[in-house]
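Here is the structure we will look at, set down as structure tokens.
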Amino acid sequence: MIGRTQTEKLLKRALSLSSADETEAVLMGLDEQLTRFANNAIHQHVAEANRYVVVRAVLERRTGASATNDLTDAGLERAVEAATAEAKALTSLSPENEHFPGLPQPAAVPQVDAFDEGTAGCSPADRARAVGAICRQAEEQGCNAFGAFRTGIHEIAVANSHGLFAYHPVTEADFTTVVMADAEGTGYATDASWRASDVDVAARGEEAIAKALRSRNPQPVEPGVYPVVFEPYVGHELILELGRRAGASFVQEGQSWLPGRQGERAMSPLISIWDDGLDRSGWPLPFDFEGMPRQRVDIVRDGVVGSALYDRARAAKDGTESTGHALPATNPFNPWLDAARYGPLSQHTFMGAGNSTLEEMIAGTERGIYVTRFWYCRTVHPRDAVVTGMTRDGTFLIERGELATPVRNLRFTQSYVEALADAEMVGREVRREWADPGIRSAPALKLAAFRFTG
Amino acid sequence: LKGLANLALDTARVRGATYADVRVIERREQTVNVKDGAVESLSEVEDHGFGVRVVADGAWGFASSALLDKAEVERVAALAVEIARASALALREPVDIGPPVTSTGSYRTPVGIDPFSVPPEEKIALLLEADAAMRGVAGVTTTKGVLTCLCERKTFANTEGAFVEQEIVESGGGLTAIAVGGGEVQQRSYPNSFGRDQRTVGWEYIQQVDLPGNAERIASEAVALLTADPCPSTTTTLVLGSTQLALQIHESCGHPTELDRVFGTEAAYAGTSFLTPDHLGTLRYGSPAVSLTADATIPGGLGTFGWDDEGVPAQRIELVKEGLFIGYLSSRETAVQLARLKGLDPAAARSGGAMRASKWSRIPLVRMTNVSIEPGEWTFDDLIADTDEGIYMEVNRSWSIDDRRLNFMFGTELGYEIKSGKLGRLLKNCTYTGITPQFWNACDAVCDRSHWQVWGTPNCGKGRPSQIAHTGHGAAPARFRNVRVGVMK
């Protein structure tokens, strides 16, 4: 971690090296450690210290971008030169980007404290002891535990030649486990927070062990349309898909479920989905990678479809304002997650809680399928949010209001929008999962109909 | 670099490591994205750093840093040992990586034209030309193009005496045309989906694929798909084009033959595998028409290199021979584990050379190299002529498979009806689904070498923290009987 003062000095140094019309410098810093375990033993255990400066140079409304993790003056100079040379090359070859509104002026960004010293100081031995306890507990129950426990520090900062400077340090802790009682009897649990003490590793381990023991010897069940009860982990997958495709780039390309539904009630009034980068129950990041303050965006409110998420360029195209959801111009930590590929992205997605318990949902189901989580979900028809995927780590038949036999994993092919139109109950408790980076938060759900296809 | 590498190894040894290796990597990547007639982004990434992997107290530890100076190398090597000692708090069996690896030498991707020597102006002009051709087609609503090139210089050394240096160069590019109308969105990509195809070659590959020359065709196909008939929901004969077969191989053969998955080390994330060791040498994975290999020496393959990230030489491994499952993708440690399980001498266990890390800050995992189907004897025209009724599907659009790699469903960008030995009407929203060994056992024909190409998959995810690997897949069109198609909603 290099801290606010050093970060400001570093980014201002980068800006000072530029002769472009406008210049932006973004710091993406990471000090992260992860303890991974399998078969009740730690098998991978890693640490990374890395920070990149991403530079955007603007000449005559064309932008070039570069990134480096050589933070010496020479490294910064090369990065600024590369971005500027690219922008210059574009001035003769590419038309002006008519939707590029220029780099932003300084804006008031709320401070959100999400840095926890205990999490920052978590040692390899701290994580190993927590993981070791789960492994021993699993072994005592005749199970095998698998998973990962990660802690780390992120530093994100944006500065530009208009005087904008925003800096946010944030810690991260996330834990995931899959427990196997036999080849097909598996259980799952996960949690994430900016505070390691919020993540109850022991409780999540117990949850996964109990689920694994209960899901031994699963039996096949005929595919078809069933009422379903979903644990909150399924909700994470639902809002991942619905939130991602609420990004303005997907909407503008017609690759989203929003067009034609905005302002209309497309889901049950019990359903609300939003993005909020300021909520401390998630993983707060109060500004985006252009330095714009993040705003809460209601993607679905009481079943009515709301707004898309915007960065400045996509907002200009639609004649609206940025909602503070820009990704970096280039992302050296994840080359598949940048502004060119995704446009603006929901990374702090929430589904609102209701007032039911899982027990009430099961009791209210005469015959249905209970699902712990989804796996490998992929969009089949983006306009209708039709997705195919598999159930995993604990799928059960519900009969006469009770959890009955475990069943073999099933493939589903289903419109999420249509499924959520038939939501009958929403859980009062929410669970979180790490969204790499970000946190998703969702409750359990009871839906009237869901289509399993194989 | 050699001095820093030796310092890392010495520090680890002094701190108590019984084994250590170090990778020092410099990487440069340049990408141009064009969208709707203008350059969306032009970027250049410079990245460098090193990672130290150790065994201490019988357990693994790994630490990495972007700072390449003496003090940091010492700190990181010591941290790797501290982490390994913490790992030993939850250890079942001490790590055994088998016989030593002592490779030395250097390797460089053979390149005709260095892609970094081509000025950005030329790349931009090429993409804008292709983009204009796509936008010239009425009904196209969004057009995209990408060109990317990458150069990675990698030094590997270990405490057993290995020291190898490699320079891997990649070039990739592609186009996407999107059309929207009537409640549908359809897209066509060239030469492959996921935005691009990519290979370990120079700029000559980009010249060869002729993006501008294929732009109008794919744009027209995207528009035509809007009004095409939907894929029928039925069980029929399926012919897969080579790009889609490449993905089928990746998901249903490549991943389940990764020996780390088999031993459960990916169980909490990517999953496990149905290809458990009791099936080795006995399971009829596919029909006699199906032979699959992992070959890290194929010229131009995206999984081609000189040595893997444990210093093991690139090699060719048979995975499935005439339908029989006979081999795995493996590492030093998993090769020893398999030998033990099979009652063989672990001291003689040899890695298949498939340990690959996505960057300096990641540990190597068992990854695909170039996992390919061996060519058959059919020409494509003869294969279609020999098919009375069925569907031809090509270019992936969606892909999903379960955590044991059995139950899959894939969608393609386009399909054509096959009727009386001829390709007929265009079909949209094509999907097919099946169970891996049943599917491959229903394969009765594979096209010949003239139709065989090594496609690149630059987006293979695995591991925690996540790693995105680059893998290659040689494939030719192939025919499958009695496949369920047209599952939509």
Side-chain angles (χ1 to χ4, degrees), chain A residues 34 36-50 64-70 82 86 89-90 93-95 97 124-125 128-129 131-132 135 146-148 176-178 253-255 329-330 332 336 340 375-376 378-380 382-383 386 388-390 392 409 411 413 415 453-454, chain B residues 33 37-49 59-66 79 82-84 86-87 89-92 120-121 124-125 128 141-142 178 180 183-185 264-265 267-268 361 363 398-403 407 409 411 429 431 433 459 464-466 468 487-489:
Chain A
L34 182 142
R36 208 167 184 217
F37 55 105
N39 300 306
N40 294 340
I42 293 171
H43 68 302
Q44 293 168 6
H45 200 167
V46 301
E48 174 180 8
N50 193 11
S66 67
T68 184
N69 62 354
D70 179 352
E86 288 166 356
L90 292 177
L93 283 164
S94 180
N97 183 344
R129 277 190 284 271
V131 160
C135 293
F146 307 77
T176 297
T177 186
V178 167
E253 288 177 12
Q255 306 238 43
T330 186
W336 290 86
W375 171 246
Y376 220 122
R378 292 291 184 274
T379 313
V380 177
R383 301 282 289 194
V386 176
T388 189
M390 294 292 300
R392 184 174 169 183
N409 288 319
R411 171 165 298 285
T413 308
S415 161
T453 51
Chain B
N33 280 288
V39 173
E40 173 95 340
S41 74
L42 174 55
S43 65
E44 172 111 15
V45 176
E46 259 189 31
D47 182 34
H48 65 246
W60 285 114
F62 175 85
S64 63
S65 175
L79 177 60
E82 180 196 339
I83 287 173
S87 303
L89 294 171
L91 182 69
R92 272 178 133 181
E121 288 82 351
I124 294 164
L128 288 175
T141 50
T142 302
I178 297 169
V180 178
E184 289 283 348
V185 54
T265 58
S361 58
I363 54 168
S398 70
W399 68 108
S400 172
I401 189 164
D402 74 2
D403 55 310
N407 183 327
M409 180 163 140
N429 299 337
T431 60
T433 185
N459 60 340
R464 280 285 178 264
S466 67
I468 299 168
V487 181
M488 180 49 73
K489 57 177 178 174

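Quick note on labels: first sequence line is chain A, next is B, and so on, each numbered from 1.
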For B:A86 and A:A125, the nearest pair of non-hydrogen atoms, with its separation, is CB-N, 3.7 Å
Under 4.5 Å to a heavy atom of chain A? For B:S87 that would be both
Whatever's closer than 4.5 Å to a heavy atom in chain A on B:L42 counts as both
Is there a donor-acceptor contact under 3.5 Å from the side chain of A:S66 to the main chain of B:V45?
no
Correct closest heavy-atom pair for A:Q44 and B:R464 would be OE1-O, 4.3 Å
Could you give me the CA-CA distance, side-chain angles and deciding distance for A:I42 and B:L91, then say whether side-chain contact (heavy atoms from CB on, under 4.5 Å) is met?
CA-CA 6 Å; A:I42 293 171; B:L91 182 69; over 6 Å; no
Okay, B:S65 and chain A: the region with an atom under 4.5 Å from a heavy atom over there is both
NE2 (B:H48) and CG (A:N69) are apart, to the nearest 0.5 Å, by 4.5 Å
Of all heavy-atom pairs linking A:G254 and B:V185, the shortest is O-CB, 3.6 Å
In terms of heavy-atom pairs under 4.5 Å with chain B, the winner among A:A128, A:G64, A:A67, A:A329 is A:A67
Looking only at A:G147, A:P332, A:G389, A:A340, the option with the highest number of non-hydrogen pairs under 4.5 Å against chain B is A:A340
Output for pair (B:D47 CG, A:D70 CG), nearest 0.5 Å, gives 10.5 Å
What one should report as the nearest heavy-atom pair of B:A267 and A:R392 is O-NH2, 2.6 Å
In this structure, CD1 of B:I124 is separated from CG of A:L90 (nearest 0.5 Å) by 4.5 Å
Residues at least two apart in sequence or cross-chain that pass salt bridge (Lys or Arg N to Asp or Glu O under 4.0 Å) with A:E253, listed by chain then number, are B:K35, B:K144
Fill in: Any donor-acceptor pair under 3.5 Å from B:S64 side chain to A:A47 backbone
yes
Rounded to the nearest 0.5 angstrom, the CG-OG1 distance for A:N39 and B:T265 is 8.0 Å
Residue from A:M390, A:R129, A:R36 scoring the most non-hydrogen pairs under 4.5 Å with chain B is A:R36
Assert top hit (heavy-atom pairs under 4.5 Å, partner chain B, pool A:T68, A:T453, A:V46) equals A:V46
Among B:G49, B:S41, B:A38, B:A84, the residue with the most heavy-atom pairs under 4.5 Å to chain A is B:A38
Ranking B:A66, B:G411, B:S400 by heavy-atom pairs under 4.5 Å to chain A gives rank one to B:S400
Distance col, row B:R92:CZ vs A:N40:CG, nearest 0.5 angstrom, shows 5.0 Å
Greatest number of non-hydrogen atom pairs under 4.5 angstrom with chain B, of A:F146, A:W336, A:F37, falls to A:W336
Report task. Would you check if the side chain of B:S361 reaches a backbone N or O of A:E48 as a donor-acceptor pair within less than 3.5 Å? Result -> no
The interface call for B:A59 against chain A, heavy-atom contacts under 4.5 Å, is neither
Residue from B:A125, B:S43, B:S466 scoring the most non-hydrogen pairs under 4.5 Å with chain A is B:S43
Counting heavy-atom pairs under 4.5 Å with chain B, the top scorer among A:A41, A:A38, A:A65 is A:A65
Counting heavy-atom pairs under 4.5 Å with chain A, the top scorer among B:D402, B:T433, B:N33 is B:D402
Applying a strict 4.5 Å limit to non-hydrogen atoms, the region of B:T142 in contact with chain A is side chain
Residues A:H43 and B:W60: closest non-hydrogen pair is O-CD1, 3.5 Å
Show your reasoning for whether side-chain contact (heavy atoms from CB on, under 4.5 Å) applies to B:S398 and A:T379. CA-CA 6 Å; B:S398 70; A:T379 313; 5.9 Å; no
Bottom line for B:I83: the part with an atom under 4.5 Å from chain A's heavy atoms is both
Highest number of heavy-atom pairs under 4.5 Å with chain A among B:L128, B:L89, B:T141, B:N407 belongs to B:N407
Of all heavy-atom pairs linking A:L34 and B:P465, the shortest is CD1-N, 3.9 Å
Taken to the nearest 0.5 Å, the spacing of B:I401 CD1 from A:R411 CZ works out to 8.0 Å
Does B:E184 form a side-chain contact (heavy atoms from CB on, under 4.5 Å) with A:R383? I'd like the steps, not just the answer. CA-CA 7 Å; B:E184 289 283 348; A:R383 301 282 289 194; 5.9 Å; no
